Amino acid sequence: MRIAIYPGSFDPITNGHLEIIERASKIFDKIIILIAINNEKKYFFTIEDRIKMIKESIKHLNNVCVDYYEGLTMHYAQKVNATALIRGLRVVSDFDYEWKLATANEYIDPNIEMVFFMAHKEVSFISSSMINELYSGNVDISKLVPNIVIEMYKKKAK
Ligand code: ADP
């Protein structure tokens, strides 16, 4: 069984993430979306909220699930016998960071392959931080994120 991990912050999940998940779910037997917890980082949504938004957004995909992990993603990947780690590439500036990350991951375990998906142009400008900014600025983000994300923003504002 070819298991792939898709790690990230997903703060919140966007249509950009979802597009990659949908494409990857056709290639791998199972995808685990992994909320990677970094205690140094400040997040907008709690882990519980992020899990809820992801679960609701992937309901239509029967080989995709979500989990969270505090520690190195590669160690989680080894624990579940993953074949690959998925990452998305949007713009050239993503490459530098992803290259360093991929090199470090290869150092940890060369048997787990990094697989990169090029973002489709319609969603390539979307990042979670930009979504947070647009929402804070009262911009309509309904075309950029799943509906549940908008519901959760509204709930948080109450
Ligand atoms: P991280 O903090 O690890 O970058 P993110 O949740 O921001 O976590 O992103 C997780 C992965 O998804 C990264 O590989 C990132 O490049 C990719 N990604 C984020 N937004 C998009 C998008 N709009 N299109 C394609 N890939 C994306």
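These figures come from a predicted structure and were not determined experimentally. Any value given below was found using the heavy atoms of this structure, including those in side chains, with hydrogens, waters and symmetry copies removed. We count ligands from 1, going down the list as the structure has it; atoms in each ligand are counted the same way.
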For the CZ atom on F116, are there more than 12 heavy atoms of other groups (residues, nucleotides or ligands in this structure) within a distance under 6.0 Å?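 Above 12, so yes.
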Does CD belonging to E22 count more than 12 external heavy atoms closer than 6.0 Å?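 Counting other residues, nucleotides and ligands, CD of E22 exceeds 12 neighbours.
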[X] near ligand 1 by a heavy-atom separation under 4.0 Å:
X: E98; result: yes
X: T14; result: no
X: K41; result: yes

Check ligand 1 against [X] and write out every atom of the ligand that is under 4.0 Å from a heavy-atom position of the residue.
X: G8; answer: 3 (O), 6 (O), 8 (O), 10 (C)
X: V123; answer: 22 (C), 23 (N)
X: F10; answer: 6 (O)
X: I126; answer: 20 (N), 21 (C), 22 (C), 23 (N)

Considering distance alone, does some N or O of L89 sit under 3.5 Å from an N or O of ligand 1?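 In this structure, L89 places no N or O atom under 3.5 Å from an N or O of ligand 1.
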Does A119 reach ligand 1 with a nitrogen or oxygen that is under 3.5 Å from one of the ligand's nitrogen or oxygen atoms?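 No; the residue has no nitrogen or oxygen that sits under 3.5 Å from a nitrogen or oxygen of the ligand.
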Check: [Y] main-chain N/O paired with [X] side-chain donor or acceptor under 3.5 Å:
X: Y43; Y: N38; result: yes
X: D29; Y: M1; result: no
X: R90; Y: K121; result: no

May I ask you to identify the nearest protein heavy atom to [atom], giving residue, atom name and distance to one decimal place in Å?
atom: atom 14 (O) of ligand 1; answer: G88 N, 3.0 Å
atom: atom 4 (O) of ligand 1; answer: R87 NH2, 3.6 Å
atom: atom 2 (O) of ligand 1; answer: S9 OG, 2.9 Å
atom: atom 20 (N) of ligand 1; answer: R90 NH1, 3.2 Å
atom: atom 10 (C) of ligand 1; answer: P7 O, 3.6 Å
atom: atom 7 (O) of ligand 1; answer: H17 NE2, 4.2 Å
atom: atom 12 (O) of ligand 1; answer: Y6 OH, 2.6 Å

Minimum heavy-atom distance between [X] and [Y], given as atom pair plus value:
X: D11; Y: F45; result: OD1-N, 2.8 Å
X: S25; Y: V64; result: CB-CG2, 3.8 Å
X: A77; Y: I112; result: CB-CD1, 3.8 Å
X: V115; Y: A84; result: CG2-CB, 3.8 Å

Proximity to ligand 1 by part of N15, non-hydrogen separation under 4.0 Å: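 The answer is neither; N15 stays 4.0 Å or more away.
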Ligand 1 versus A36, non-hydrogen atoms closer than 4.0 Å: side chain, backbone, both, neither?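 Neither part.
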Presence of salt bridge, E19 and R23, under 4.0 angstrom: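 Yes.
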Select the closest option to atom 26 (N) of ligand 1 among I20, L34, I131, judged by heavy-atom distance.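 Nearest heavy atom to atom 26 (N) of ligand 1 lies in I20.
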Mind telling me whether H17 and Y6 have parallel, tilted or perpendicular rings, with 30° and 60° as the class edges?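 Perpendicular: the ring planes of Y6 and H17 meet at over 60°.
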Run through T73, D109, N111 and flag the one making a side chain to side chain donor-acceptor pair (under 3.5 Å) with Q78.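 By the side chain to side chain donor-acceptor pair (under 3.5 Å) criterion, Q78 pairs with just one of T73, D109, N111: D109.
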